[in-house]
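Here is how names work: the chains are called A, B, and so on, in the same order as the sequence lines, proteins then strands, and each is numbered from 1. As the structure is a computational prediction, the values presented were derived from the model and not from experiment. Basis for what follows: all heavy atoms, side chains included, without hydrogens, waters or symmetry-related copies.
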Amino acid sequence: MSQSPACPRIGVYVCHCGMNIAKQVAVEAVTEFAARLPGVAVARHYKFMCSDPGQELIQQDIKESGLERVVVASCSPLLHEATFRKACAAGGLNPFCFQMANIREQVAWVTADKGRATSKAKALIAAAVERVSRAQPLERKRLAVGDKVVIVGGGIAGIHAALTIADAGKKVYLVEREPTIGGHMAKFDKTFPTLDCAACILTPKMSSVKNHPNIELMSYSEVEKVEGFAGNFKITIQKKPRYVHEELCVGCGECVDACVFPKAKFPSEFDEGLALRKPVYMPFPQATPAVVVIDPNTCLQLTKGKCKQKCVEACQRGAIDLKQEPEQVEVEAAAVIVATGFKTFDPRGLPQYGYGRYGNVYTSLEVERMVNASGPTGGEVVLKDGAKPRSVAIIHCVGSRDKKTHPWCSRVCCMYSLKLAHLVKERSGADVFSFYIDMRTPGKGYEEFYDRLLEEGVHFIRGRVSHITDWAMTKAEEGKLVVSAEDSLIGVTRRIPVDMVILSVGLEPQPDAQEVRKKFNISCSQEGWFLERHPKLAPVATFTDGVWIAGACQGPKDIPDTVAQAGAAASEALALIDKGYVEIEPNTAEVDPEACSGCKTCLGMCPYHAIRRDEEKGVAVVNEALCKGCGTCVAACPSGAISQHMFTDDEIYQELEGILSYV
Amino acid sequence: MPGLQIQRRVKYQEELDADFPRRVADMPGAADLNRCIQCGTCSATCPVSSFMDLTPRRVVAMTRAGFKEEVLRSNTIWLCASCYSCTVECPKGIKITDVMYALKRLAIQERAYPRHFPTPVLAREFFHKVRQTGRSNEGQIATVMILKTNPLKLLRQIPLGLKLLVKGRMSLWTEKMSGNKRQLQDLLDYMDTHKELR
Amino acid sequence: MRFLYYPGCSLKSSGRAYEESLLAVFARLQFPLEELPEWNCCGATAYMGIDEKKAFVLAARNLALAEQHGDGQPVHLVAPCAACYLVLLKTQKYMVEYKPIGRAISDALKSVGLKYRGQVKIRHPLDVLIKEVGLERIRAAVSRPLEGMKIACYYGCQVVRPFAEFDDPHDPMSMDDLLRACGAETVDWPCKVRCCGAMLTGTVEEVGQRRSYMILHEAMRRGVDAVATACPLCQFNLECFQGPMSRRYRDQVEMSVAYFTQIVGKAMGLDERTLGMHRLFIPLRQPPALLGTSHDC
Amino acid sequence: MSEQVPVGQPPDWEPRIVAFFCNWCTYTASDLAGVSRMTYAPNTRVIRVMCSGRIDPQFVLMALRQGADGVLIGGCHPGDCHYQEGNYKCLRRFAMLKHYLAAMGIDDPRVRLEWIAASEGDKVQRVTNDMVQRIKQLGPLKLEPVCQPGCRAMAGDQPSVGNRAVAADI
Ligand SMILES: Cc1cc2nc3c(=O)[nH]c(=O)nc-3n(C[C@H](O)[C@H](O)[C@H](O)COP(=O)(O)OP(=O)(O)OC[C@H]3O[C@@H](n4cnc5c(N)ncnc54)[C@H](O)[C@@H]3O)c2cc1C
Ligand SMILES: Cc1cc2nc3c(=O)[nH]c(=O)nc-3n(C[C@H](O)[C@H](O)[C@H](O)COP(=O)(O)OP(=O)(O)OC[C@H]3O[C@@H](n4cnc5c(N)ncnc54)[C@H](O)[C@@H]3O)c2cc1C
Ligand code: SF4
Ligand code: SF4
Ligand code: SF4
Ligand code: SF4
Ligand code: SF4
Ligand code: SF4
Ligand code: SF4
Ligand code: SF4
């Protein structure tokens, strides 16, 4: 067959994807169809195109049949375009002489009727064949990358990632919006399933962060703006005024004692409101940095503008500065790791559980503080009146597995409920009743932990609690909180009077997840968790190169999984830095000076100011290094002078024609 | 509406016997009761669970939760044939057969078994016979049992008894233990007098 | 090593054929079993339901006697009745596992001048035949191989469950191996260890007999000539209620149910009376090939 | 509810819809619909562009001219554009295009702009089904096949697949 440039030799490969595609699409028929399309020299179908033999098939045909263009009809290009481009390159073909037809995600998986799925697949393949005939060989450009990483969120995820990267000798900016790092884990006394002391394993890591020469800890700070791209981000960080000079304060606490408020008066955020603090305070003894902070909402000077400022007087180091202003810092980073964690469900949304109405209904997080030896009660489990509870109910799945709140399983609450059952029993000797829907304990040593709790004699009742009430129906219920549930394993409804109720609240995305996501140009799942590139194969990558996610911001998870992800994100960031460069997709715009009328329409279109006018020649010129390939200018040019590589008008019209020439 | 049976099905905590699970768990073999994960393997493997009012799994759950009345009055503990299937299959190593024994004993102690229910009666007969003679006599025990529980049935059993007699498989006199019968009785009496042993 | 024989109450009454055939087979194999003198009831199932400790003490007395009998030598106590076998094993085990039980039993034994140090090994005849005698010796003793005879081995509950270690509790094979060594064919069937109804056949007939019926029904469906048992209660339940069962379930139930020792004895050419064959309600069905012919010469 | 087939329309007629989806949001969403196995009407054929800002109104007109019965444009929600504001530009062009289409007598539901975020797989399903439904009610789009500059298929300088090999396969 003769090879004319107008009609290059095309190879078409139809993937079965096991049965994923083959079940809905008649792959043989589609292949026969493809074989008869103009320019197609080879058409094959194969079980798994992305597998090694599948890729070799392409390489071999390029070499043996002299293919000049390749079309693979398989899954989404977002998944495997890179794979097949590499295969083409390995076969000696320019990787951009390639086109993918998405017949899995957009055909086989979404089409009920087999016949119509087959037709749609044919149309998409016809389109790809038409389009690829117009494809042009292109070159990728390389850009050098920096060697610094910004990590957002100083929970265990952020801390672990920061230490990993810093230990590898790279600079880390750890941005935490609270006055201290530590996240949720810092609040716990013990962690399941080993019951090792949270502080014992966390605080050494926290102080390593503070002391590490490669880590710049930016607490009480938030990311304002992110510009740039993988390898070369420019990030603006806003430092909130602490009203204390961090570098001067040594955390002696003199100022706290001296404050005009003689007694702590305001609910402590760190202690979930179970303890009180002054306007100037240290969140908790091991806070990192070990520096006080002055709360602008309660400090007299900062609210009323009038105070004796005893604190200022007390500080011998002159660390307090009530006039401190927010500060903006701009840093460069090659990579970003977002590790902003989660928030617990607010049970006020479920009034039937009486949180906020009955004093002795607590959230799990409050009880975490209560059982903490350095917490507000010194580790004692006590009721509001100071007495020890004789019986305690723990309610699982509060705000989880419920269409009305959150449909998902929060994954850690079964385990932490078991942990709290153990701690409460140990500290108070109370009878503990645990109400669960399913006991979810998948993890190393987790089922064994459940077994241990069973043995300890916690009363497990399978049934979701309908309500908690102080309406007594019997003598024994008087003065108690009564928990109502069907004991679904025994088959009767039960009312159990208890002194204290713990609500095992679920995990939900941070309330500002949407704003954070926009800043970093990453996506959220429907529920609001940050979206990973692939749930199995790229769990810490995002769709934005150079931005990784780790920990509970990606979905509910426990500390072991969080740390695993943090390690993964850190090593992916390090891999990028180590590689030293990024490759830029050659989908940039180009102006044809012959056609350009110099009207300047395009200049205002480009969000990246990538186009300027060559005053001498009177035409527009695109700066390839700045162009990100959106194509907006192309659509705008009245003279049709701009084209976008990989998305030329020609290619798109061709694709359109392919689609419409076939039903 | 006539015929509509209405029963209160809620259980108040004070109606339960908080001590009951401990009493059961204190008996040999029943200690692991709490570790039950309610998987139901015991009920599924039990050859007679299809006739039980409470499946073995529910017996475990209810025992553990203190449903003493319901458990001791259930037919389950008497239907248990001691086949040990459940004990072998239980993923948590709970000796359910022993739990059933423990419950039988408690039911007898508390006189909470169905009147005229043959099994407890049979057990008592057996008990007396062994004390007298050191050995049991199946034929005699069975006869007494039937007389005490369902005398009419005895008539139906006559042909079988006769046949056994003819084949030499049943004797009307009791085979007695040779030798030191006193020793055996002393042994049993010792257990009675030393209540602290139980 | 001494092998003492613990008959238990059943082998002296309803299970007499078991004792007769067992002793005859062991004698033929020149493996003498000596009856434990002065033994008493093992305490068995029903007793557990009234007074567990007394049940244990009953069993323990037998163990103490056996140990005494050994004069310091290891003693094997062979208990053919499944219930006896289980109770003896259970007593031995619980005496060690549950300290209070162990202590109470020891004290009681002491009060009558007995002592048990745990030196007795409790064995089931199937265990002894396979592990001590060995299939080789058994094959050698077979004079009239049971060619063409198809047997369903029924182990029942308590022989391999829950304490025995000589065979698999789900799919025991010892009896199958034994009868195959005797030339018979054995079937792979799902009822080997399913419960026969135990005491319920007499106490709660509708429950107990249904168990037995289902087992026999399956045996008939699989076209066997006989069901071989290793427990007097199983044998009794499966054989003696076939009449009532046939009426209750409107299904003619007729199936030979014999002790495995009777069948082994047959293969060894032992005399019918010695094997207690005359005590069976339903004579052991034999394939025509075996009738009348004699391989003895 | 039975579907009403408008008079004069072949009973087995199925509308053809061309969809231009931006790479970052809507194309990802339609992948998500696939991953979530949400079945929907197979009438749409997606053309992927990097940004909805790349969509030239010409593309839409060309699609209609070449036989599409409808065109769906999908982009990121306002404020979410991967390229900051390409979707606003798209919106502006779309408004203009609508005027033009109205003048040409093309019914409103045939050309539709939807903001569909990467997480909104269900919206892809909903919008597609709804659009197919509406266009079915309108029946096939009948345009005078006027040949325009740039319409190479019509001008005959390019062999159309439909005209040649494929026809027999349908
Ligand atoms: C009651 C309870 C008990 C638990 N017990 C256990 C247990 O025993 N064992 C176990 O393995 N797991 C347990 N977990 C789960 C555990 O809390 C999580 O796995 C872990 O905290 C996740 O860590 P993280 O770093 O991803 O998130 P977080 O701990 O939530 O940390 C996120 C950090 O990011 C900061 N941040 C958030 N947004 C921003 C922003 N925009 N800019 C800057 N900083 C930001 C936050 O202030 C916080 O410091 C428990 C959870 C709960 C609710
Ligand atoms: C039936 C089944 C279904 C599953 N379905 C899913 C699912 O749908 N989704 C999901 O997320 N997970 C699923 N899983 C879990 C999934 O299989 C595991 O998470 C995953 O396979 C773990 O990968 P791995 O590489 O750690 O181990 P493996 O897949 O076990 O790979 C280990 C490799 O190491 C090799 N190897 C072992 N020892 C040596 C040695 N000494 N030297 C050299 N090589 C060695 C082995 O040959 C093997 O190739 C499923 C598991 C099973 C059993
Ligand atoms: S190429 Fe895509 S469609 Fe084909 S086997 Fe691989 S994943 Fe499946
Ligand atoms: S601000 Fe001054 S007084 Fe207060 S803790 Fe810091 S160093 Fe001490
Ligand atoms: S300014 Fe006044 S109120 Fe504020 S921290 Fe200092 S002493 Fe306290
Ligand atoms: S982990 Fe347990 S408590 Fe938490 S939502 Fe899931 S099932 Fe409910
Ligand atoms: S394609 Fe987009 S980024 Fe590139 S020059 Fe044009 S408008 Fe600017
Ligand atoms: S819009 Fe087109 S014609 Fe106008 S300056 Fe830009 S490239 Fe030239
Ligand atoms: S021992 Fe009793 S409860 Fe257990 S399976 Fe056998 S009959 Fe059922
Ligand atoms: S088999 Fe064991 S764990 Fe399962 S329900 Fe029965 S007793 Fe409980």
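Nearest approach of A/C630 to D/C51, heavy atoms of both residues: O-CB, 3.4 Å.
Rounding to the nearest 0.5 Å places OH of A/Y653 at 4.5 Å from CE of D/M62. To the nearest 0.5 Å, the span separating NZ on A/K518 from SG on D/C81 amounts to 12.5 Å. Note: A/C627 SG to D/Y83 OH = 8.5 Å, rounded to the nearest 0.5 Å.
Contact annotation for A/M646: neither backbone nor side-chain heavy atoms come within less than 4.5 Å of a heavy atom of chain D. Proximity to chain D involves both the backbone and the side chain of A/K628, based on heavy atoms less than 4.5 angstrom apart. The part of A/S523 that comes within reach of chain D is its side chain, from C-beta onward, which places non-hydrogen atoms under 4.5 angstrom from that chain. Of the two parts of A/C524, only the backbone, made up of N, CA, C and O, holds a non-hydrogen atom closer than 4.5 Å to a non-hydrogen atom of chain D. Using a 4.5 Å cut-off between heavy atoms, D/A68 touches chain A through backbone and side chain atoms alike. Of the two parts of A/D113, neither the backbone nor the side chain holds a non-hydrogen atom closer than 4.5 Å to a non-hydrogen atom of chain D.
Of all residues spanning residues 24-32 of chain D, those with a heavy atom less than 4.5 Å away from chain A's heavy atoms are D/W24, D/Y27, D/T28, D/S30, D/D31, arranged by number.
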*asked:* With side-chain contact (heavy atoms from CB on, under 4.5 Å) as the criterion, how do A/T111 and D/Y40 come out once you've worked through the C-alpha distance, each side chain's angles and the decisive distance to 0.1 Å?
replied: CA-CA 6 Å; A/T111 310; D/Y40 54 83; over 6 Å; no
*asked:* Walk me through whether D/R54 and A/V634 qualify under side-chain contact (heavy atoms from CB on, under 4.5 Å).
replied: CA-CA 7 Å; D/R54 170 72 183 90; A/V634 189; 3.5 Å; yes
*Can A/E81 and D/R48 be said to form a salt bridge (Lys or Arg N to Asp or Glu O under 4.0 Å), step by step?*
CA-CA 13 Å; A/E81 191 172 53; D/R48 181 169 68 114; 3.3 Å; yes
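Chain A forms the most heavy-atom pairs under 4.5 Å with one residue out of D/Q125, D/E120, D/R93, D/Q84, and that residue is D/R93. Counting heavy-atom pairs closer than 4.5 Å to chain D, the top residue among A/P535, A/C606, A/P77 is A/P77. When each of D/N23, D/D80, D/D56, D/V18 is scored by its heavy-atom pairs under 4.5 Å with chain A, the top score falls to D/D80.
Taking 4.5 Å as the limit, every side-chain heavy atom of D/T39 sits out of range of all side-chain heavy atoms of A/W109. Contact annotation: the side chain of A/I652 approaches that of D/F20 to within less than 4.5 Å [non-hydrogen atoms, C-beta and beyond]. For the pair D/M50/A/E585, no side-chain contact is recorded, criterion being any heavy-atom separation below 4.5 Å from C-beta on. Within the 4.5 Å cutoff, the side chain of D/I47 has no heavy atoms near those of the A/R131 side chain. With contacts defined as side-chain heavy-atom distances shorter than 4.5 Å, the pair A/N521/D/H82 qualifies.
Between the side chain of A/K120 and the backbone N or O of D/T44 there is at least one donor-acceptor pair closer than 3.5 Å. Judged purely by atom type and a 3.5 angstrom limit, D/K89 uses its side chain to pair as donor or acceptor with the backbone of A/M605. In terms of modelled atom types and a separation under 3.5 Å, the side chain of D/R16 and the main chain of A/L660 share a donor-acceptor contact.
No more than 12 heavy atoms of other residues, nucleotides or ligands lie within 6.0 Å of NZ in A/K225, so this atom counts as exposed by the packing criterion.
Residues A/Q526 and D/D122 have side chains that bring a donor and an acceptor to within less than 3.5 angstrom of each other.
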